[in-house]
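Start at 1 and go down the list; that is how both ligands and their atoms are numbered.
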Amino acid sequence: MKSSKSKSYGVKSGKKVFEGYNDERKVKNRKEKVEKRLGYLDYSKDFKKKPNEVPKKYLNKIITADSLDLLKKLPDNCIDIVFTSPPYNFGLDYEGHNDTDQWKNYFGVLFEIFDECIRVTKHGGRIIINIQPLFSDYIPSHHMISNYFFQKGLIWKGEIMWEKNNYNCKYTAWGSWKSPSSPYLKYTWEFLEVFCKGNLKKAGDSKDIDITGDEFKKWVNAKWSIAPERDMKKYNHPAMFPIKLVERVLKLFSYENDVVLDPFNGAGTTTLVSHILNRNYIGIDTSVEYNKTAKKRIADHKKNNLF
Ligand SMILES: C[S@@+](CC[C@H](N)C(=O)[O-])C[C@H]1O[C@@H](n2cnc3c(N)ncnc32)[C@H](O)[C@@H]1O
């Protein structure tokens, strides 16, 4: 008879695995139980299904405007995927944007823009928000934003932890040093909250899939280790996406030829990567300077790839 120790592990397809794993993990009558609980069906809303085209004058454009005004000009159901990172209200030095507002005002404005994002997203489309809570203010922005979309009837598809590998961990405060009175928790990661409108499945043509098997296997693990953008000084923007982050999001959650919207486009990483990956895009930012940078990044890419 095997000892209990030797019974615990076995080798499957060349890998060491816990033998009791499948038995332990298996939920009996899983399907019936899911059906009983109703899952997201009890919370999600029925949205209109008919898709619309983006008017030509806005397609593949980087637009200087307040997103709340501009999005109102777009028809319902015309965007395949929204990927964005709003200002976090951390007090960063953006051109023309006050990043230190009272939280209630901040969320008030943000949620009005999110309402428009929901309206313009197609049935089956996705909305993905990159956010980091401001721990020093004890405001869980990632939960508040998720809760907002959930209340609006979107389906919460999941959450990705973007591990920045400590690059961003500049602060040294300990809170109550060496005392349980109020220790300060430190974080090296941000969140990506992923929502679907009306359907978990996104329709698309299989010829428009550009993710490889290896990428898929790696990226469905929801902890992504990606270093932050190093060239923010060069582009004169304080809070840019790294290109790799946008590449993963677009390949995992959208098809080629889809329409991508970033309502807080900044120096235009979302629009640049959309262009590179054969997606259509709309990028909106209030700053003329950031939009110049965003346009130049696409123009430079076109120039360098001529031959
Ligand atoms: C976190 S940054 C986005 C950076 C972007 N992901 C990139 O890779 O460069 C947020 C941007 O939102 C812009 N912004 C703030 N309020 C806005 C509004 N109401 N409409 C459009 N853009 C706005 C700011 O100018 C800033 O560039």
Please list the nearest protein heavy atom to [atom] with its residue and the distance rounded to 0.1 Å.
{"atom": "atom 1 (C) of ligand 1", "result": "Y94 OH, 3.1 Å"}
{"atom": "atom 19 (N) of ligand 1", "result": "D66 OD1, 3.2 Å"}
{"atom": "atom 9 (O) of ligand 1", "result": "A267 N, 2.8 Å"}
{"atom": "atom 13 (C) of ligand 1", "result": "D285 OD2, 3.2 Å"}
{"atom": "atom 16 (N) of ligand 1", "result": "H97 ND1, 3.6 Å"}
{"atom": "atom 3 (C) of ligand 1", "result": "F264 O, 3.2 Å"}

Looking only at non-hydrogen atoms, which of H237, E112, M232 approaches atom 2 (S) of ligand 1 most closely?
H237
Using heavy-atom distances only, which candidate in I243, T269, N130 approaches atom 7 (C) of ligand 1 most closely?
T269
Kindly confirm or rule out a cation-pi arrangement of K244 over W224, judged by NZ or CZ under 6.0 Å from the six-membered ring centre and within 45° of its axis?
no
May I ask you to list the atoms of ligand 1 that are less than 4.0 angstrom from any heavy atom of [X]?
{"X": "A65", "result": "20 (N), 21 (C)"}
{"X": "I113", "result": "19 (N)"}
{"X": "Y290", "result": "25 (O), 27 (O)"}
{"X": "P263", "result": "21 (C), 22 (N)"}

Heavy atom of T286, distance to ligand 1 below 4.0 Å
yes
Does ligand 1 have a heavy atom under 4.0 Å from the side chain of F241, from its backbone, from both, or from neither?
both
Under 3.5 Å between any N/O of P86 and any N/O of ligand 1: does that happen in this structure?
no
